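Fair warning: this is a prediction, and the values are worked out from it, not measured in the lab.
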Number of protein chains: 2
Amino acid sequence: MRDQKEVGGNLQSVRRALRALELISEHGELGVTELGRKLEVHKATASRLIATLAERNFVERDPISEKYRLGFGLISLAGAAVGGNDLVRAARPILDDLAERTRETVNLGVLSGESVVYVDQVTGTRSIVSVSWVGQRTPLHCTSNGKVLLAYATDAERDRLLRVPLPRLTPRTITDVKKLRTQLSEIRVRGFSQTMEELEEGLNAVAAPVKGMGGDLVAALSVSGPAFRMRAVDLPRLGKLTADAALAVSRRLGYVDRGARAV
Amino acid sequence: MRDQKEVGGNLQSVRRALRALELISEHGELGVTELGRKLEVHKATASRLIATLAERNFVERDPISEKYRLGFGLISLAGAAVGGNDLVRAARPILDDLAERTRETVNLGVLSGESVVYVDQVTGTRSIVSVSWVGQRTPLHCTSNGKVLLAYATDAERDRLLRVPLPRLTPRTITDVKKLRTQLSEIRVRGFSQTMEELEEGLNAVAAPVKGMGGDLVAALSVSGPAFRMRAVDLPRLGKLTADAALAVSRRLGYVDRGARAV
DNA sequence: CCGACACGGTGCGCGTGATGCAACACGTCT
DNA sequence: AGACGTGTTGCATCACGCGCACCGTGTCGG
């Protein structure tokens with residue numbers, strides 16, 4: 001039945017539980033019946049599942065809407081996930097520095113499934129913004145981080161990721177795979193990517209790859225800001241800064257830049 | 001068999017999966033065999049479980065140690081959990097303000113299981129500190145947040161939480177339940193808690209309760225800093241500020257301070 | 001006031017799917 | 001080589017999670 005090889009554990013109920021968490025995450029909050037429908041199981045099953053999740057505080061019940069949302073148990077885990085993560089620890093000081101220099105928002109993203117997940121963020125403006133992108137998912141083809149992750153992925157991985165259609169989010173979103181592939185080659189030459197109002201109108205960004213010990217792609221580091229502050233003429237300079245910062249992070253992770261590796 | 005009533009869902013495998021995530025969180029990283037032992041299941045079961053978790057990127061394999069650690073899928077969820085959380089949203093501006101006034105670190109913690117989990121943090125010093133406490137767990141009896149959570153918990157809850165022995169972390173940690181209970185009464189009168197080098201030497205803190213619509217305890221808000229800056233004579237002033245801030249958060253959550261409720 | 005409809009939660013048999021066992025493959029010491 | 005450590009995979013058994021039905025609750029609208 002499974003067309004995709006896609007090996008892995010086969011614990012149905014566990015898989016369902018994880019699926020449920022993701023669904024709740026997507027929708028903000030869900031009721032038992034609604035969850036049951038989305039999981040394609042009987043509501044009784046959904047009820048018991050959610051009760052189990054609630055038991056460990058992975059989800060909690062909103063007292064007013066009576067629906068379930070993600071709970072603190074999850075936050076506790078994720079804190080450990082982020083905190084115990086070499087990448088975030090290594091990158092933080094450099095992110096701070098880059099944000100300081102550019103006065104724009106700096107994001108660190110990794111590839112997860114078929115999208116970018118931001119694992120850390122530092123804002124350039126001193127006023128701490130309430131809303132963080134950390135944990136957010138964005139598409140690959142229209143974000144600077146995503147393009148970097150695509151550009152430096154293995155060929156097989158890139159082919160897999162580009163098999164799906166590229167949704168249009170703004171008039172300037174690149175939806176043609178061929179055009180995107182051309183741009184990815186350019187990115188590999190230049191060393192950084194850029195997006196200009198492809199994800200969101202008025203939002204530009206540049207990004208560069210973070211590599212691990214073996215030269216493998218680990219994450220992407222981006223600087224993003226409003227189009228009027230990050231004009232086309234500014235991007236090369238910002239791109240250079242970002243690439244330098246990304247290289248600094250890579251070095252911290254044990255990456256050694258072997259000689260002058262052209263292209 | 002279950003002595004504790006302890007109702008809730010009864011999906012063993014799901015429960016095991018959540019347990020596994022918590023264990024991995026606690027230990028940083030775990031191998032299959034080790035996890036199997038801790039879960040009291042056959043290592044084959046643990047292997048399949050972990051494979052399922054890995055499939056959704058809830059855990060990932062550390063390429064060097066070959067062990068499993070928490071993955072990005074979890075970060076993605078937790079980001080949503082924090083972001084979609086009324087408490088954090090409501091509290092953030094007030095946390096910022098409190099940090100600004102006190103120039104110290106402000107933490108927001110909730111009760112999770114038998115410990116405090118920090119769900120948000122704002123640092124007083126403008127330089128962003130690398131290490132965040134968000135997601136960390138600390139014991140109840142030796143942290144200011146923990147004492148508040150204990151003090152304002154229901155009697156039954158408090159009794160349950162104080163049944164376990166109180167580990168000593170510093171020479172000044174309170175390990176005597178009776179003494180702690182006395183202090184909890186004082187906290188209820190005073191409106192804020194304080195710890196002086198009970199969790200960590202050189203670290204003092206004060207905390208106050210955040211209440212919800214029905215006057216129920218929701219979280220604890222704390223200010224912490226080095227003992228030389230937060231001396232015993234400073235604590236009443238800081239405690240008052242913290243209590244005011246906590247009340248402001250409570251009001252945002254719909255709490256109404258019914259008249260002068262002495263004690 | 002009482003039906004109708006939604007929701008969430010819970011006993012209960014049935015059948016599937018998760019479990020433990022064993023065997024395997026791989027790496028690392030002595 | 002051998003012994004031990006790891007993680008992964010077929011396989012047969014049986015416990016456990018599943019759907020069904022039922023119940024309690026809240027909220028419509030007549």
Problem - Close side-chain approach of A:R181 to A:D159, heavy-atom, < 4.5 Å - result: yes
To the nearest angstrom, the NZ-P distance between B:K43 and D:dT6 comes to 7 Å
The residue, A:V14 or A:G31, whose nearest nucleotide of DNA chain C is more 5′ is A:G31
In whole angstroms, the gap separating P of C:dG9 from NZ of A:K67 amounts to 12 Å
Here the distance between atom C1' of D:dG19 and atom CD of A:Q12, to the nearest Å, is 14 Å
Between CZ of B:R61 and P of D:dG7 the distance, given in whole Å, is 7 Å
Discussion item. Strictly below 4.0 Å, N to O, side chains only: are A:E34 and A:R37 in salt-bridge contact?
Written reply: no
Distance below 4.0 Å between B:T45 side-chain N/O and C:dA18 OP1 or OP2
no
Apply side-chain hydrogen bond (donor to acceptor under 3.5 Å, both in side chains) to the pair A:T138 and A:Y118, showing each step before the final yes or no. CA-CA 9 Å; A:T138 54; A:Y118 296 100; 3.2 Å; yes
Taken to the nearest whole Å, CZ/B:R48 to C1'/D:dG7 is 12 Å
Rounded to whole Å, the NE2-C1' distance (A:H42 to D:dA21) equals 8 Å
note: B:R16, atom CZ; D:dG17, atom C1'; distance rounded to Å ~ 13 Å
If the cut-off is 4.0 Å, is A:Y68 near the phosphate of C:dG9, judged by side-chain N/O to OP1 or OP2?
yes
- Considering just the side-chain nitrogens and oxygens of B:S13, establish if one lies under 4.0 Å of OP1 or OP2 belonging to C:dA18. no
**Study point:** D:dG7 OP1/OP2 closer than 4.0 Å to side-chain N/O of B:S47
**Key:** no
Separation of D:dT25 atom P from A:E66 atom CD, nearest Å, is 14 Å
ask   = So do the side chains of A:I187 and A:Y152 get within less than 4.5 Å of each other, counting heavy atoms only?
value = yes
